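As the structure is a prediction and not an experimental result, all values here were calculated from the model. Sequence positions, counted from 1, serve as the residue numbers for this chain.
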Amino acid sequence: MEDFVFGRNNVLELLQEGTRSVSKILLMKGMRENPKISQIIEIAKNKGIVFQFIPKEKFFKYKEYSHQGVIAYVSPISYVEFEDFLKKKKEYKKVIITDGVEDPHNMGSIIRTAVCAGFDAIIFPSRRNSVINATVEKSSAGAINHIDLIMVNSLSSIIDKLKDNNFWIIATDLDAKDNYYDIDYCDMNFAIVMGSEKEGISTTILKKADYKIKIPMLTNFDSLNVANAASIVIYESVKQTIQKSGNIV
């Protein structure tokens, strides 16, 4: 699923061309003052690409390559532009937003469930979220090729745009008053927001939600795995759609 591009010139050219999606850049510590490294960092910041400095010994496994202390992770996946997604004609659109889902197995499972349930897109941030890599592809059983993947720099601004385009934002929250089945998912555009495995949905995003929902727990155990929780909420929307249409699947 994921390729690597090595070397300062190669990575810089890759970023300048912008024809392939770069998910992450690794830089060797102590090289920040190098002019080309500075250019790489500047472009990465402008494009919202994650980059990090790591110790020299971490590069040993790439010693057969002329990496010059720079490695870019490149995904062959074609991401969909948010504006292009909005232009697609459909009576009602339904999407999943992941706010900090870092485990690639969970990310893959969420994508797989969303595809099975007929959702239209997965929206996720370029930082502090699992990148679309080989593990995600495997966990999704190939579902990543059957849904729009939209990577954005700011979830907050994208949610504002969704609301401007008649989307209702439904956030999962352990402290919510409403249960997930109390919401009517039919006859509206909606986005279900799933938070990180440890911290849930960020406060900024939670404040923008039109609905806050929870999955009731019958024991004092902490919570469900985020991928399992997503499946429950997603398929409640499927159940309601089937019941309203009168079609029994």
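- Side-chain N or O atoms of N165 include one that pairs as donor or acceptor with a backbone N or O of K161 at under 3.5 Å.
- If you run side chain to side chain contact (heavy atoms under 4.5 Å, CB included) between L27 and each of I71, I37, N34, only I37 comes through.
- Between the T98 side chain and the V101 main chain, no donor and acceptor come within less than 3.5 Å of each other.
- Looking at K93, K94, K87, K88 one by one, the single match for salt bridge (Lys or Arg N to Asp or Glu O under 4.0 Å) with D148 turns out to be K88.
- In this structure the side chain of Y92 never reaches within 4.5 angstrom of the side chain of C186, judged on heavy atoms.
- Closest of all the heavy-atom pairs between G100 and P125 is N-CG, 4.5 Å.
- One side chain, N106 or N225, offers a donor N or O that lies under 3.5 Å from an acceptor on the other.
- With N46 contributing its side chain and E42 its backbone, the two residues share a donor-acceptor pair below 3.5 Å.
- To the nearest 0.5 angstrom, K208 atom NZ is 10.0 Å from I169 atom CD1.
- Atom CD1 of I234 and atom CD1 of I192 lie 5.5 Å apart (nearest 0.5 Å).
- Residues A227 and S109 share a closest heavy-atom pair of CB-CB, 3.7 Å.
- Taking Y79 as the reference, F124 meet the ring pair (Phe, Tyr, Trp, His ring centres under 6.0 Å) condition, with sequence neighbours excluded.
- Legend: ring pair (Phe, Tyr, Trp, His ring centres under 6.0 Å) pairs involving residues 145-176, not counting sequence neighbours, sorted by first then second residue: W168-Y211.
- With a 4.5 Å cut-off on side-chain heavy atoms, S196 and D99 do not count as touching.
- For the pair L224 and M217, the minimum side-chain heavy-atom distance is below 4.5 Å.
- In this structure K163 satisfies the salt bridge (Lys or Arg N to Asp or Glu O under 4.0 Å) test together with D210, sequence neighbours excluded.
- Put simply, the side chain of I25 does not reach to within 4.5 Å of the side chain of V50, judged on heavy atoms.
- Placement of I122 and I150 in two distinct hydrophobic clusters is found when ILVMFWY residues are connected by side-chain heavy-atom separations under 4.5 Å, directly or transitively.
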Legend entry - Test side chain to side chain contact (heavy atoms under 4.5 Å, CB included) applied to M31 and Q68, step by step: CA-CA 10 Å; M31 298 179 57; Q68 299 176 306; 5.5 Å; no
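- Linking ILVMFWY residues whenever their side-chain heavy atoms come closer than 4.5 Å, directly or via other members, places V11 and I49 in the same cluster.
- Heavy-atom minimum distance, A191 versus L162: CB-CD1, 4.3 Å.
- For residues 187-209, the pairs satisfying ring pair (Phe, Tyr, Trp, His ring centres under 6.0 Å) are F119-F190, Y185-F190, with sequence neighbours left out.
- With a 4.5 Å cut-off on side-chain heavy atoms, S23 and V74 do not count as touching.
- Annotation: the span from K207 atom NZ to I201 atom CD1 amounts to 14.0 Å, rounded to 0.5 Å.
- For P55, the side chain to side chain contact (heavy atoms under 4.5 Å, CB included) partners at least two apart in sequence or on another chain are K29, E57, K58.
- Pairs of residues two or more places apart, or lying in two chains, never qualify as salt bridge (charged side-chain N to carboxylate O under 4.0 Å, His left out) while including a residue from residues 101-114.
- By the ring pair (Phe, Tyr, Trp, His ring centres under 6.0 Å) test, F59 is found to be paired with H67, residues two or more places apart in sequence or in another chain being considered.
- Of all the heavy atoms in G48 and S126, the pair that sits closest is O-OG, 2.8 Å.
- Every side chain to side chain contact (heavy atoms under 4.5 Å, CB included) that K214 has, sequence neighbours left out, goes to A176, N179.
- Using the six-membered ring where Trp is involved, F51 and F53 have ring planes that are perpendicular, over 60° apart on the 30 and 60° scheme.
- Sorted by first then second residue, the salt bridge (charged side-chain N to carboxylate O under 4.0 Å, His left out) pairs that include residues 118-130, not counting sequence neighbours, are K90-D120.
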Inset, instruction - Check the pair V80 / L149 against side chain to side chain contact (heavy atoms under 4.5 Å, CB included), numbers first and verdict last. - result: CA-CA 6 Å; V80 174; L149 300 173; over 6 Å; no
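- Among residues two or more places apart in sequence or in another chain, the side chain to side chain contact (heavy atoms under 4.5 Å, CB included) test is passed with Q52 by K24, L26, I54.
- Cluster annotation: I123 is not connected to M151 through the hydrophobic network of ILVMFWY side chains, with a link wherever side-chain heavy atoms come within less than 4.5 Å.
- The cluster map of Ile, Leu, Val, Met, Phe, Trp and Tyr, joined by side-chain heavy atoms under 4.5 Å apart, puts V238 and I97 in different clusters.
- Grouped with F60 in a hydrophobic cluster is no other residue, since no side-chain heavy-atom contact under 4.5 Å to another Ile, Leu, Val, Met, Phe, Trp or Tyr is found.
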Inset, instruction - Could you please spell out the steps behind the side chain to side chain contact (heavy atoms under 4.5 Å, CB included) verdict for V22 and L15? - result: CA-CA 8 Å; V22 179; L15 292 172; 4.1 Å; yes
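- For residues 227-238, the side-chain hydrogen bond (donor to acceptor under 3.5 Å, both in side chains) pairs, not counting sequence neighbours, are T113-S231, E236-K239, E236-Q240.
- The distance from the CD1 atom of I232 to the OG1 atom of T172 is 11.0 Å, given to the nearest 0.5 Å.
- Summarising the geometry, atom CD1 belonging to I96 is positioned 10.5 Å from atom CD1 belonging to I111; distances are rounded to the nearest 0.5 Å.
- The cluster map of Ile, Leu, Val, Met, Phe, Trp and Tyr, joined by side-chain heavy atoms under 4.5 Å apart, puts I144 and F85 in different clusters.
- The line from CE of M107 to CE of M194 is 11.5 Å long, rounded to the nearest 0.5 Å.
- Smallest separation of non-hydrogen atoms from A209 and A171: CB-CB, 3.6 Å.
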Inset, instruction - Using the side chain to side chain contact (heavy atoms under 4.5 Å, CB included) rule, take L12 and R8 through it: C-alpha gap first, then chi angles, then the decisive distance, then the call. - result: CA-CA 6 Å; L12 185 57; R8 299 169 199 169; over 6 Å; no
